[in-house]
**Q** 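Have a look at this one.
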Amino acid sequence: MTHHTKRLFGFVAAAAFLAAPSFAQDIPAEVTLFQNVDIFDGKNEEMLEGHDVLVVGNLIHRIAEDIPASGTYEFEVTTGALHRIETLPGSGVNGYSVTILDADGVQTETREVAVNVIDGEGRTLMPGLIDAHYHLMLAASQGDAWRLEQPDYTHATMVVEANNLLQRGFTSIRDTAGPGFGIKKAVDEGMIPGPRMYLSGTLITQTSGHADRTLPFEEPRVFSGQVPVGEGIMKLDRVVNGRDEVLAAARQNLKQGATQIKIAIGGGVYSLYDPLDVTEFTEDEIRAAVDAASDWGTYVTAHVYTPKGVLRGIRNGLRTIEHGQLMDEEAAREMAERGVYLITQPFEAEENLRALANDIQWAKYMQVVEGWQRTAELVRQYDIKMGFGTDLVFSPATNHQQADFLARFGKWFSNVEMLRMITSNNAEILALSGPRNPYTQGALGLIEEGAYADIILVDGNPMDDVSILGNGGANIPLVMKNGEIYKNTMN
Ligand SMILES: [Zn+2]
């Protein structure tokens, strides 16, 4: 700590305590105080009833009963201890007076800090929602429409969708294939509204693999020396074979800011070429992706359904598995032993999906729908760590009602378990990106002092009924991300 800011007195001083170095210019002109809320903190089934939450800058600063909206406060910067509260009588103005002292305890400056008071009126306050398996581009363009559009049109739809996510209550997404690095930058700069984004970049797949979108008669580069026109459209996926090409593809994603690497190691439902039962990428190819990622301190996840694929993946270093609906007992046990997270989807036989699929795709889809029933039992039996990710790329209706999807887990999981999935469990998955995590000032998915101020207010209690988080965010009147309010329909 620098000599002239050894001690900061005042309510806001603790913000400096959390984010050294502490300069007077870091003290914000306004802070936000949520009053009279019941708090789900992202973990505990017992809610904190009738509490207040003070947000300073982009972090949650204090959680307590009856935090006053005006007054003079003293904080010891080094310990955070509160020494004195003295409410200014009859001022009628919400605000704090902050006194800044130098190292010798001499007053150098006084600042007025306005307080934006939000009366929660007994609503639930909880962490912003997280989707750990999302595809911003596919969700925005609804199905395959992006194939026929100009790239800049598709990018425009992604910008709109980024804001829609926030309005539905989602303050973070993990994008498991597709473009978005520029949009993420614009969001982080505050240029456009959107959630925090953990991007994988292109989905890395083999020739004939789940994400091989080349035309049937197009040959891999190794034969033709040319990049097939169907490859890498809109940077959704990249077709590679062999250790060298996997390394290059993974490193290209890392170069652009990928927080994790995604590979496809087994057949897919809506794939063009591969049956569900096939296994993709050799051990050496999977290891190549893991080598590239771990050299950058991060991890690899994979699209895969079958037990053979799951086992090959986790035995070669994968930290999370996407889907996994056809896994067996051996795969489940080993996932639990290795502490691998499962991000899966309780898909159902929806009419609108039937219309989008050909007969082969639909037969594969129904296999996955039925497989999930068994997988759910295995998840419970072996207590596999679960994240929440929708992957609803084909159905605009459900895609835009993202959190409704959560309630489908209700047959197997309690309300608090489902709420953890969409908050703190998913935040643990995001944190697997280690030094590649772009957001490290505070915790995500939690309501605790020092955590990021990613907060939603909910009409009603999701601990009684998680489905109230759905319906396009209709019961979520307020959304805050990084300390800024992006939605407030309460006034
Ligand atoms: Zn997906």
Side-chain angles (χ1 to χ4, degrees), residues 130-147 158 161 165 170 172-180 195 197-206 209-213 232-239 253 258-272 274 276 280-281 289 299-306 309-310 313 318-327 341-348 350 353 356-357 361 364-365 368-369 371-372 375 386-396 398-400 402 405-406 408 421-422 426 429-430:
I130 303 172
D131 191 329
H133 188 126
Y134 205 65
H135 300 282
L136 185 63
M137 185 187 81
L138 297 178
S141 60
Q142 303 185 354
D144 262 2
W146 55 274
R147 286 169 163 270
M158 292 168 70
E161 175 61 12
L165 277 158
F170 285 83
S172 295
I173 59 163
R174 176 171 168 265
D175 192 300
T176 48
M197 297 185 193
Y198 289 74
L199 304 175
S200 309
T202 53
L203 168 53
I204 302 170
T205 190
Q206 69 177 42
H210 168 51
D212 180 351
R213 291 172 207 277
I233 302 169
M234 289 296 295
K235 307 292 181 197
L236 178 64
D237 36 54
R238 193 182 291 278
V239 183
N253 285 333
T259 48
Q260 65 283 324
I261 296 298
K262 166 100 180 281
I263 59 178
I265 61 171
V269 169
Y270 283 82
S271 307
L272 298 176
D274 54 356
L276 267 190
E280 299 172 2
F281 279 146
Y299 70 99
V300 179
T301 190
H303 158 103
V304 64
Y305 296 105
T306 63
V310 168
L318 302 192
R319 303 290 304 278
T320 63
I321 290 290
E322 314 296 319
H323 316 312
Q325 284 100 331
L326 302 180
M327 77 167 76
Y341 288 85
L342 178 66
I343 299 98
T344 188
Q345 296 78 29
F347 287 136
E348 292 171 0
E350 292 168 61
L353 292 180
L356 292 169
Q361 289 169 330
K364 293 201 281 189
Y365 183 74
V368 170
V369 167
W372 159 247
T375 297
M386 283 276 292
F388 171 78
T390 52
D391 195 28
L392 291 174
V393 296
F394 303 107
S395 169
T398 41
N399 191 31
H400 291 173
Q402 226 167 359
F405 201 73
L406 184 68
R408 292 193 190 175
M421 280 182 209
I422 201 168
N426 273 356
I429 291 169
L430 299 181

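Values below: all heavy atoms of this structure, side chains included; hydrogens, waters and symmetry mates excluded. Ligands are counted one by one from 1 in listed order, and the atoms in each one are counted from 1 as well.
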**Q** The criterion is salt bridge (Lys or Arg N to Asp or Glu O under 4.0 Å); which residues satisfy it with D212, sequence neighbours excluded?
**A**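 Residues passing salt bridge (Lys or Arg N to Asp or Glu O under 4.0 Å) with D212: none at all.
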
**Q** Could you tell me which residues satisfy salt bridge (Lys or Arg N to Asp or Glu O under 4.0 Å) with R174, sequence neighbours excluded, listed by chain and number?
**A** E322

**Q** Starting from the Zn ion (ligand 1), look over the N/O/S atoms of D391 and name the nearest one.
**A**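 Result: OD1.
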
**Q** Let's go through T344 and H323 carefully: what are the C-alpha distance in whole Å and the side-chain angles of both, what is the deciding distance for side chain to side chain donor-acceptor pair (under 3.5 Å) to 0.1 Å, and is it a yes or a no?
**A** CA-CA 4 Å; T344 188; H323 316 312; 5.8 Å; no

**Q** Is the NZ atom of K364 crowded by more than 12 outside heavy atoms at less than 6.0 Å?
**A**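 Result for NZ/K364: enclosed.
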
**Q** Any N/O/S atom, backbone or side chain, of E322 lying under 2.8 Å from the Zn ion (ligand 1)?
**A** no

**Q** For the Zn ion (ligand 1), does an N/O/S atom of H135 lie at less than 2.8 Å?
**A** yes

**Q** Can you tell me if H133 has an N, O or S atom under 2.8 Å away from the Zn ion (ligand 1)?
**A**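 So H133 does bind the Zn ion (ligand 1) by this criterion.
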
